Amino acid sequence: MLKTQELTLNLGPHHPSTHGVFRCVLNLDGEYITKAVNHTGYLHRGLEKLAESRTYTQFIPYNGRLDYCSGMLNELTYVTAVEKLMGITEEIPERAEYIRVIMSEVQRLANHAIYFASMALDTAGATAWFYGFRDREKCLDLIEMASGQRMMPNYMRIGGVSDDLDENWFKLLKELVDYMPSAVDEYEGILTGNEIFQARTVGVGPVSKEMALDYGITGPNARASGIDTDLRRDEPYSVYDRFKFNVPVRKNGDSFDRVMIRIDEMRESIKIIEQAMKDVPEGPIMAKVPKVLKPPVGEVYHRIENAKGHLGFHLVSDGSTKPYRNHIYSPCFVNLGIFPEMAEGLHLMDAVVALASVDIVLGEVDR
Amino acid sequence: MFGRGLIKGLGITLGHLFEKKITEQYPEERPVLPARFKGSFTLKVPKCIACGLCANTCPNSVIKIESEKDENNKKKLTGYKMMAERCLYCGFCVEACPTKALMWNHDYERAKFSREEVNLDLFGSYVPSPEDDQPAKSAKEDEESAQAS
């Protein structure tokens, strides 16, 4: 009989399939994981502390550095939180609200495209990777046209948006909306319909409904486990209550369902953009907001449905121009917490797939 | 039938094989950039009134302005440095500029060998142009002429 012993292995911090600088210490019995421990903090920049030394407006560009795959959505969360703190939520012009919705859905498409691409790459499907990035680039081109930057847009402002969009932009958006359904069909044809991909993902890292609730999982990951929740429908912010869209829910909660839920969501996002671009009203894009913002003393917690789950900002104001405290509730950090339990008993290569299917961005995990 | 999905996927890639290439051969092919693209900064020195709004609005205190008062007790710019190594490229400075003296340009190849080279001296590197002698237009007129062209 051969004498065997458990092996301790560091997955990361520089491993490409950890999607950033995330370290996971794995105890391996052969190729099976007996224990996994998360170690985060390699990308910690102290954004919450930085916010305390900057004015409310000056913190907006830092939101793009949180989750760098969905900058617009982070900015939207932050500016709506500040607007709630100041009590000017009702004063935002209609056009700005519609532009915000369109931008956040375009960003959601880009985020899910990059998710699909990295999922393909982690299951060794390099061809499908390029399909995801091709479409992400189309979405980012639109964001770049509007804001000037691809990933750190700094487009949302407290009280509206920074620049207006012209007809040419909407024409390009129409092209994207007409094109995207065929691209999503392609995703399903090339990756999720593929038997090899299904063999790698179906039944891998299942998260039951109870487990998802215990860990506080939100967003697409929760919906993949059968929890019917979507803040866009349940607590409508901006003008989301005016659009008709379905909230896709799946039952099994395995890696395959977590991929499919994103594919379904992309179709819903396209629907929302189609409805929004049809009735964008003309008008101003900025509410009348004082140059120097001094929100009243108090605190506010505001959350929206980010591409990865509930992103929330808890802002405490002491009446000065700078926030007293800015706490960021990040969906990636919460969703990553489930990984140790998910990885237990999994094959090493399946653990990589399970981690990829959770969709983490380390910029937001460590903040 | 097992393998049907696999064949369908191969069909999709085969279809794309005969399409136009979408990859951009970057150093040879230059990208077409949108007008709002944030590359680097240009400062029209004669337009600048040294008000310091750009330096105030910057989240990272990147901008250092030096000015002196001339005989009419008017502020005159004598130095404009940007510590671009700390710049977030958020564009608040360009937005804050009341005379539109500070602008974005499309110079995106900013990789340098050392930290100091990244920083910009917008006052020292300014090359006077024939437009300088023309009377300064208001921001509204500027917009109109930009739309006309």
Side-chain angles (χ1 to χ4, degrees), chain A residues 50-51 53-65 75 120 125 127-128 130-131 133-135 137-138 141-155 157 162-166 168-169 172 182-183 185-199 291-292, chain B residues 1-17 19-24 26 31-41 51 53-63 86-98 103-108 110 143 146-147:
Chain A
L50 278 175
S53 60
R54 275 153 185 76
T55 64
Y56 285 92
T57 316
Q58 282 176 347
F59 188 68
I60 299 173
Y62 287 92
N63 289 300
R65 275 87 180 162
E75 280 168 16
T127 309
F130 285 101
Y131 286 73
F133 267 78
R134 173 197 64 188
D135 302 328
E137 207 57 40
K138 286 192 192 342
D141 278 349
L142 285 177
I143 291 171
E144 191 185 21
M145 262 187 91
S147 69
Q149 266 175 330
R150 292 164 71 246
M151 285 163 80
M152 323 282 171
N154 191 23
Y155 184 68
R157 291 287 181 277
S162 71
D163 280 297
D164 206 351
L165 304 171
D166 53 7
N168 188 31
W169 194 90
L172 291 171
S182 69
D185 287 342
E186 264 182 18
Y187 294 172
E188 284 190 293
I190 201 165
L191 192 74
T192 54
N194 189 317
E195 281 86 356
I196 301 170
F197 180 77
Q198 286 171 5
K291 275 255 152 92
V292 180
Chain B
M1 188 189 87
F2 187 80
R4 192 188 250 165
L6 194 69
I7 291 162
K8 197 183 164 200
L10 285 172
I12 290 171
T13 45
L14 192 73
H16 281 291
L17 187 64
E19 273 178 11
K20 209 174 138 242
K21 307 268 181 297
I22 56 163
T23 320
E24 196 172 72
Y26 159 58
V32 183
L33 296 168
R36 284 177 195 163
F37 181 80
K38 295 170 181 169
S40 182
F41 298 95
C51 61
L53 280 177
C54 47
N56 268 341
T57 192
C58 180
N60 274 351
S61 40
V62 164
I63 301 170
R86 281 188 281 151
C87 182
L88 285 169
Y89 293 89
C90 62
F92 281 142
C93 48
V94 177
E95 244 171 70
C97 188
M103 290 183 302
W104 289 107
N105 61 24
H106 287 187
D107 172 24
Y108 52 88
R110 300 281 319 281
E143 255 172 36
Q147 276 172 0

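Chain naming here is simple, since letters A, B, ... match the order of the sequence lines and numbering starts at 1 in each. Source: prediction; values computed, not measured.
The greatest number of non-hydrogen atom pairs below 4.5 Å with chain B, out of A:Gly148, A:Ser147, A:Ser53, is found for A:Gly148. Taking chain A as the reference chain and counting heavy-atom pairs below 4.5 Å, the highest number among B:Tyr89, B:Phe92, B:Trp104, B:Phe37 is found for B:Phe92. Counting heavy-atom pairs under 4.5 Å between each of A:Thr127, A:Asp163, A:Ile196 and chain B puts A:Asp163 at the top. Counting heavy-atom pairs under 4.5 Å between each of A:Pro61, A:Ala128, A:Gly64 and chain B puts A:Pro61 at the top. Your options are A:Gln198, A:Arg134, A:Glu144, and the one with the most heavy-atom pairs under 4.5 Å with chain B is A:Glu144. Contact count against chain A (heavy-atom pairs under 4.5 Å) is highest for B:Cys58 among B:Gly39, B:Ala35, B:Gly15, B:Cys58. When each of A:Leu191, A:Thr55, A:Thr57 is checked for heavy-atom pairs under 4.5 Å with chain B, A:Thr57 comes out on top.
For A:Ala146 against B:Arg36, the heavy-atom pair with the smallest separation is O-NH1, 2.7 Å. Of all heavy-atom pairs between B:Lys38 and A:Pro153, the closest is NZ-O, 3.5 Å. What you find for B:Ile12 and A:Ile190 is that their closest heavy atoms are CD1-N, 3.9 Å.
Within the 4.5 Å cutoff, no side-chain heavy atoms of B:Glu24 are placed close to those of A:Glu137.
Using a 4.5 Å cut-off between heavy atoms, A:Tyr62 touches chain B through its side chain atoms alone. At a 4.5 Å heavy-atom cutoff, B:Thr23 makes no contact with chain A through either its backbone or its side chain. Only the side chain of A:Ser162 comes within less than 4.5 Å of a heavy atom in chain B; its backbone stays farther off. In this structure, chain B has a heavy atom under 4.5 Å from the side chain of A:Tyr131, while its backbone stays farther away.
Note: A:Arg54 CZ to B:Ser61 OG = 7.5 Å, rounded to the nearest 0.5 Å. Atom OG1 of B:Thr13 sits about 13.5 Å away from atom CZ of A:Phe130, to the nearest 0.5 Å. With values rounded to the nearest 0.5 angstrom, A:Asn194 atom CG is found 8.0 Å from B:Leu10 atom CG. Between the CG atom in B:Leu53 and the NZ atom in A:Lys291 there is a gap of 7.5 Å [rounded to 0.5 Å]. Expressed to the nearest 0.5 Å, how far NZ of B:Lys8 lies from CD of A:Glu195 amounts to 11.0 Å.
The only member of A:Met152, A:Gln58, A:Arg65 that meets side chain to side chain contact (heavy atoms under 4.5 Å, CB included) when paired with B:Leu88 is A:Arg65.
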